[in-house]
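Here the structure is a predicted model, which means the values were calculated and not measured.
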Amino acid sequence: MKQLVRNVKIIGTGSYVPSTIYTNEYLETILPTNADWIFENLGIKERRIASETEATSDLAWRAGEKAISNAGLTKDDIDLIIVATATPDRLAPSTACIVQDKLQAYNAAAFDISAVCSGFLFGMSVASQYVASGVYDNVLIIGADTFSKITDWTRRDAVFFGDGAGAAVISHCKDDGGFLAYRLYSDGKGKENFTIPGGGSEFPATSKTLEEKKHFFKMNGSAVYETATKVLPKAIMQVLEDTGLSIEDVDLMVPHQPSIKILQKTAEIIGLPFEKVMTNMDKYANTSGGTLPILLDELHRAGKIKKGNIILFVAVGSGWTYGASIIRWM
């Protein structure tokens, strides 16, 4: 077993979701959709929705606070805060700076990462390099999104997303183990298949962009499925090759939650029994950057991850961005 990333592990996890729930049956009353179709094709039964007064940073700091506590640390022990989000509080400053202030973790540097649904995976990679190089001892990485704020609730694709945040503290590992390798990829040719056109320098906010609903997300669902089922197996097989492991060595796959059919097809292609694929999209839908860390926190706190387990992380997001990582749980 090769270890390309050395002496880096996860020492604490946390998550937070809003209290308001939108069930599939409720969406039937406001959208041209069908509750049974949503569950059968996407694996979603309900999703959490942030209140009017809850911003992405509110979800993020609560998840981060729980992760710091679970790691047995205090806010003053955190050297760096990375927030992976596609729904920042503001264009400036970074949501990470706002989270730092809410945590009062003033010893930490802070910045955001934008890789949408792959954001937490990309963020873990960045955090691992800082720890492995000795620049920082404890890095708090948070994945948080409030897609309900940028959803057109008259469109059928409103069924896909929910709001939530998850976090992990990444620190040193004295023994062999922890993170073994990462493989990250991007393909900008897919930029139009999932996008939020308005609000940036290309289409600054105007009455016209508001009228044209450019500030809501736009998604090509078939392109997402076709791309995900192509690129996820590629990333998985490459990271297995990097570490000298086989698919039979994987104890659990902890993926981003794009849809149940994408995960089923991916598992079929790589030859992984689906009972090893962890999901929680039935409760939370796709929380974008929050999906992977919320699921990780649930598994961790439920005792479903054992010392020595080989865990495979995978994600695909807008960009396109995608990748995979392997950790031997310490």
Side-chain angles (χ1 to χ4, degrees), residues 10 13 15 24 34-47 117-118 120-121 124 143 159-162 164 166 180-183 185 221-243 245-317 320 322-329:
I10 294 172
T13 63
S15 60
N24 291 345
N34 177 272
D36 292 336
W37 183 93
I38 298 170
F39 180 64
E40 290 168 8
N41 288 274
L42 305 181
I44 299 167
K45 291 183 178 179
E46 57 189 38
R47 69 281 296 142
C117 298
S118 302
F120 189 82
L121 181 64
M124 284 197 299
V159 304
F160 283 88
F161 289 94
L180 304 180
Y182 288 92
R183 277 282 177 166
Y185 303 85
S222 61
V224 171
Y225 178 86
E226 291 168 8
T227 300
T229 54
K230 177 182 178 181
V231 303
L232 288 178
K234 168 190 170 181
I236 291 166
M237 300 315 293
Q238 186 60 67
V239 82
L240 287 171
E241 181 181 331
D242 291 343
T243 55
L245 296 170
S246 70
I247 198 64
E248 289 77 18
D249 295 314
V250 174
D251 294 298
L252 296 174
M253 185 168 93
V254 180
H256 154 57
Q257 306 287 289
S259 78
I260 197 71
K261 287 195 176 294
I262 287 176
L263 297 183
Q264 288 170 339
K265 186 63 176 179
T266 299
E268 176 188 332
I269 292 170
I270 65 176
L272 183 68
F274 197 70
E275 58 266 23
K276 290 187 175 184
V277 180
M278 302 294 102
T279 66
N280 63 1
M281 65 188 71
D282 58 324
K283 296 183 292 184
Y284 305 124
N286 182 348
T287 55
S288 190
T291 53
L292 198 156
I294 292 171
L295 178 57
L296 175 64
D297 182 50
E298 287 190 331
L299 296 169
H300 183 208
R301 291 175 185 271
K304 294 182 179 180
I305 302 178
K306 309 298 182 184
K307 184 177 180 181
N309 278 173
I310 299 296
I311 310 298
L312 172 65
F313 295 117
V314 296
V316 59
W320 304 105
Y322 57 100
S325 178
I326 293 178
I327 187 172
R328 181 154 68 90
W329 194 260

Kindly give the heavy-atom pair with the smallest separation between Asp297 and Ser15, and that separation in Å.
OD2-OG, 2.7 Å
Is any side-chain heavy atom of Trp320 closer than 4.5 Å to one of Val231?
no
For Tyr182 and Asp242, the nearest pair of non-hydrogen atoms, with its separation, is O-OD2, 4.4 Å
Any idea which heavy atoms bring Asn286 and Phe161 closest together, and the distance?
O-CD2, 3.1 Å
Looking at Lys304, I'd like to know if its NZ atom is crowded, meaning that more than 12 non-hydrogen atoms belonging to other residues, nucleotides or ligands lie closer than 6.0 Å.
no
From CD1 (Ile310) to CZ (Arg328), nearest 0.5 Å:
6.5 Å
Exam field: side chain Asn34 to backbone Asp36, donor-acceptor pair closer than 3.5 Å
yes
Partner of Ile270 under side-chain contact (heavy atoms from CB on, under 4.5 Å), chosen from Leu232, Val250, Ile236, Leu240
Ile236
Hey, what do you get for OG (Ser325) to CG (Leu312), rounding to the nearest 0.5 Å?
8.0 Å
Closest heavy-atom pair and its distance - Gly166, Phe120
O-CE1, 4.3 Å
To the nearest 0.5 angstrom, please state how far the CD1 atom of Ile10 sits from the CD1 atom of Ile327.
4.0 Å
I need the minimum non-hydrogen distance between Gly317 and Ser118, along with the two atoms involved.
N-OG, 3.1 Å
Spacing of Gln238 atom CD and Thr243 atom OG1 [to the nearest 0.5 Å]
10.0 Å
If only side-chain N and O atoms count, and only distance matters, is there a donor-acceptor pair under 3.5 Å linking Lys234 with Tyr185?
no
May I ask you to test the Val314-Thr266 pair for a side-chain heavy-atom distance under 4.5 Å?
no
Distance in Å, His256 NE2 paired with Tyr322 OH, rounded so as to fall on 0.5 Å steps:
14.5 Å
What are the two closest heavy atoms between Phe160 and Ile44, and how far apart are they?
O-CD1, 3.6 Å
Tell me if a side-chain donor or acceptor on Arg301 pairs with a main-chain N or O of Thr13 at a distance below 3.5 Å.
yes
Consider side-chain contact (heavy atoms from CB on, under 4.5 Å). Of Ile38, Thr287, Asp282, which one does Arg47 pass it with?
Ile38
Would you indicate whether Lys283, at its atom NZ, is surrounded by more than 12 heavy atoms from other residues, nucleotides or ligands within a distance under 6.0 Å?
yes
Please tabulate, for the side chains in residues 257-265, all donor-acceptor contacts under 3.5 angstrom to protein atoms that are two or more places apart in sequence or on a different chain.
from, atom 1, to, atom 2, distance (Å)
Gln257, OE1, Asn280, N, 2.9
Gln257, OE1, Met281, N, 3.3
Gln257, NE2, Pro255, O, 2.9
Gln257, NE2, Met278, O, 3.4
Ser259, OG, Ile262, N, 3.1

How long is the gap from CG on Leu180 to CD1 on Ile326, to the nearest 0.5 Å?
6.5 Å
Is the shortest side-chain heavy-atom distance between Phe313 and Leu296 below 4.5 Å?
yes
Can you tell if the side chain of Cys117 reaches within under 4.5 Å of the side chain of Thr291, non-hydrogen atoms only?
no
